[in-house]
Amino acid sequence: MRRLSSDAAHALAAEYVLGTLRGRARHRFEALARADRHLGDVLRLWEEELTPWAERIAPIEPPARVWHAIESRISPASSRVSRLASDSFWRGFALISGGLASVLLAAFLWLSGGARDEALFVAVLSSPDAVPRMVVSMHEPDFMRVRMVKPWSGTEGKSLELWVLPASGAPRSLGLVPNASGDTLIRVATTDARVQGISALAISLEPVGGSPSGLPTGPVLCSGVVAPVKKA
Amino acid sequence: MSAKTGVRDEFPPGTDRLAQLIARSALGDRGAFAELYRSASAKLFAVSLRIVRERPLAEEALQDSFVNIWNHASDYARAKSAPMTWMTAIVRNRSLDIIRRTREEPDIDEELTANLADERASPAREAQERAEAHRLQRCLGELDAEQRQTIALAFFHGLSHSELANHLRRPLGTVKTHVRRGLMKLKDCLMRAETTASQGTLDAPPFL
């Protein structure tokens with residue numbers, strides 16, 4: 001690709017962010033900035049410099065119908081269809097949708113697994129097309145069992161990272177999980193801050209070695225709500 | 001760390017509440033996404049309304065933008081911008097797309113434009129955004145009045161070069177020059193400010 005001079009890159013990026021770059025030129029620049037990392041960096045620089053100017057505008061409450069429309073457009077049903085059709089199911093499924101079915105399935109899978117030790121909590125992690133992929137259970141005093149029910153194919157050169165969603169705050173990583181059938185034990189104490197007040201668990205696809213930012217960056221492969229089994 | 005110290009200490013440094021809500025949205029947490037909407041929608045709606053100027057169009061822009069934010073929430077972790085900056089850029093882009101489709105004639109609220117300089121800044125949620133906005137304000141102050149007015153009209157109202165020319169009753173070429181020169185002057189000032197900030201209080205020679 002032909003490289004723009006630094007001045008040209010700045011001039012285009014600035015007018016793109018300002019909004020005066022229009023029509024086909026705007027779309028062309030967008031495509032270039034996606035493909036060329038340097039140009040993308042220049043664009044982000046201008047976005048970071050100019051965009052906070054918008055803070056000067058006094059807020060105006062939008063009508064409630066906007067949120068209702070957004071909610072219906074991100075509903076699990078519609079997102080599942082469009083995502084499978086487009087073959088790129090970036091998140092977009094409700095953690096809640098599994099609900100009771102997941103809990104029952106968890107209990108079933110757990111008991112049929114022949115485990116005798118009682119778990120503190122169990123979660124079935126399902127993919128966006130509602131296929132159960134993993135059963136995760138927390139055990140006293142210090143381990144979490146990740147049972148892979150159905151591994152993924154085509155994830156070579158990527159890592160699977162396990163995340164916990166606390167009741168509030170950012171997701172926390174519990175580390176990487178091998179993409180293979182069978183059990184993985186993760187050493188984590190039941191008193192560890194990362195496993196307190198968990199509402200859900202999820203697996204995201206990350207670069208080898210895990211998310212570079214400490215927060216999930218890749219598509220969510222599966223997720224599920226946590227069902228308490230035994231009072232801690 | 002003991003479990004009693006609470007979860008807040010566990011977050012990666014530099015992430016605030018909005019960033020956490022975006023990260024949770026990336027994992028499909030609809031409750032977090034609803035909270036994100038409640039926290040940011042009024043600001044973003046106002047940004048869009050300025051550009052598209054009709055409420056139904058601003059509602060459309062806001063709706064499309066939030067669907068986008070939900071679908072691309074996992075990109076945010078890589079974007080490294082302040083959360084409001086990231087979301088505002090999405091809303092501005094969508095709004096500009098919409099006016100390209102709908103607007104024939106620019107229709108500027110004269111009073112709004114005249115009062116642009118007097119608008120009170122609302123309290124920014126993020127120190128990063130506040131510092132950047134402050135630096136930007138200072139650098140905008142270094143521009144000619146006409147350059148500044150032209151750039152502000154484009155930014156807040158989404159005016160194109162020809163719309164700016166009509167509105168300001170200036171030749172198209174003059175307007176384009178004001179925009180281009182103004183932006184480059186702004187860049188020089190912002191880079192100078194950045195260099196000074198990164199060098200602290202020492203009088204190191206500028207390398208730019």
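Convention: sequence-line order gives letters A, B, ...; per-chain numbering from 1.
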Requested in this report: Evaluate salt bridge (Lys or Arg N to Asp or Glu O under 4.0 Å) for Glu55(A) paired with Lys43(B), printing each intermediate quantity in order.
Outcome: CA-CA 8 Å; Glu55(A) 285 284 330; Lys43(B) 270 192 170 183; 2.7 Å; yes
Query raised in the report: Counting N and O atoms only, with roles assigned by atom type, does the side chain of Arg55(B) sit under 3.5 Å from a partner on the main chain of Pro62(A), one being a donor and the other an acceptor?
Result: no
Query raised in the report: Can you name the closest pair of heavy atoms from Gln63(B) and Ala69(A) and give their distance?
Result: NE2-CB, 3.2 Å
Query - 4.5 Å side-chain heavy-atom contact, Val66(A) and Tyr37(B) - result: yes
**Report entry** Side-chain donor/acceptor of Arg24(B) to backbone N/O of Pro166(A), under 3.5 Å
**Finding:** yes
Query - Working for side-chain contact (heavy atoms from CB on, under 4.5 Å), residues Ile99(B) and Arg22(A) - result: CA-CA 11 Å; Ile99(B) 56 167; Arg22(A) 294 292 171 104; 4.0 Å; yes
Query raised in the report: So which part of Leu140(B) gets closer than 4.5 Å to some heavy atom of chain A, the side chain, the backbone, both or neither?
Result: side chain
Query - Part of Ser199(A) lying under 4.5 Å from any heavy atom of chain B - result: side chain
Query - Least distance between heavy atoms, Ala23(B) atom then Pro216(A) atom - result: O-CG, 4.3 Å
Query raised in the report: Which residue, Arg135(B), Lys187(B), Arg138(B), forms the salt bridge (Lys or Arg N to Asp or Glu O under 4.0 Å) with Glu49(A)?
Result: Arg135(B)
Requested in this report: Please look at Ala34(B) and chain A and tell me whether the side chain, the backbone, both or neither of the residue comes under 4.5 angstrom of a heavy atom of that chain.
Outcome: both
Query raised in the report: Looking only at side chains, do Arg26(A) and Asn93(B) share a donor and an acceptor under 3.5 Å apart?
Result: yes
Requested in this report: Taking Arg73(A) for its side chain and Val67(B) for its backbone only, find out whether a donor-acceptor pair lies under 3.5 Å.
Outcome: no
**Report entry** Which portion of Leu96(B) sits near chain A, non-hydrogen atoms under 4.5 angstrom
**Finding:** side chain
**Report entry** Which portion of Trp163(A) sits near chain B, non-hydrogen atoms under 4.5 angstrom
**Finding:** side chain
Query - Verdict with supporting geometry, Ile151(B) and Trp53(A), side-chain contact (heavy atoms from CB on, under 4.5 Å) - result: CA-CA 11 Å; Ile151(B) 288 174; Trp53(A) 205 4; 3.9 Å; yes
Query raised in the report: At their closest point, which heavy atom of Thr51(A) faces which heavy atom of Ala89(B), and how far apart are they?
Result: CG2-N, 3.9 Å
Query raised in the report: Going by heavy atoms in the side chains, are Thr217(A) and Asp75(B) under 4.5 Å from each other?
Result: no
Query - Region of Phe155(B) that comes under 4.5 Å of a non-hydrogen atom in chain A - result: both
Requested in this report: Hey, could you give me the CG/OG1 distance between Leu153(B) and Thr20(A), rounded to the nearest 0.5 Å?
Outcome: 12.0 Å
Query raised in the report: Does the side chain of Pro52(A) reach to within under 4.5 Å of the side chain of Leu136(B), using non-hydrogen atoms?
Result: no
Report summary line: dist Leu18(A):CG -> Ser160(B):OG (nearest 0.5 Å) comes out at 11.0 Å
Query - Residues that Phe29(A) engages under ring-ring contact (aromatic ring centres under 6.0 Å, His included), provided they are two or more places apart - result: Tyr16(A)
Report task. With side-chain contact (heavy atoms from CB on, under 4.5 Å) as the test, would you mind laying out the steps for His27(A) and Asp97(B) before giving the verdict? Result -> CA-CA 10 Å; His27(A) 288 296; Asp97(B) 272 343; 4.0 Å; yes
Report summary line: Applying a strict 4.5 Å limit to non-hydrogen atoms, the region of Leu62(B) in contact with chain A is both
**Report entry** Atom group of Arg92(B) that falls short of 4.5 Å from chain A, counting heavy atoms
**Finding:** side chain
**Report entry** Stepwise side-chain contact (heavy atoms from CB on, under 4.5 Å) test for Trp46(A) and Leu183(B)
**Finding:** CA-CA 10 Å; Trp46(A) 277 100; Leu183(B) 286 170; 4.2 Å; yes
Report summary line: Residue set satisfying side chain to side chain donor-acceptor pair (under 3.5 Å) with Asp188(B), at least two apart, ordered chain then number -> none
Query - Distance, nearest 0.5 Å, that separates CD1 of Ile70(A) from CG of Asn68(B) - result: 11.0 Å
Query raised in the report: Is there side-chain contact between Phe156(B) and Arg56(A), with heavy atoms separated by less than 4.5 Å?
Result: yes
Query raised in the report: Can you tell me how far CZ of Phe33(B) sits from CD of Glu71(A), rounded to the nearest 0.5 angstrom?
Result: 9.5 Å
Query raised in the report: Got a second to check how far Met191(B)'s CE is from His10(A)'s NE2, nearest 0.5 Å?
Result: 5.0 Å
Query raised in the report: Which heavy-atom pair separates Gly169(A) from Gln20(B) by the least distance, and what is that distance?
Result: CA-OE1, 3.3 Å
**Report entry** Heavy-atom proximity to chain B below 4.5 Å, by part of Val195(A)
**Finding:** neither
Requested in this report: Give, for atom CD1 of Ile60(A) and atom OG of Ser48(B), the distance between the pair rounded to the nearest 0.5 Å.
Outcome: 10.0 Å
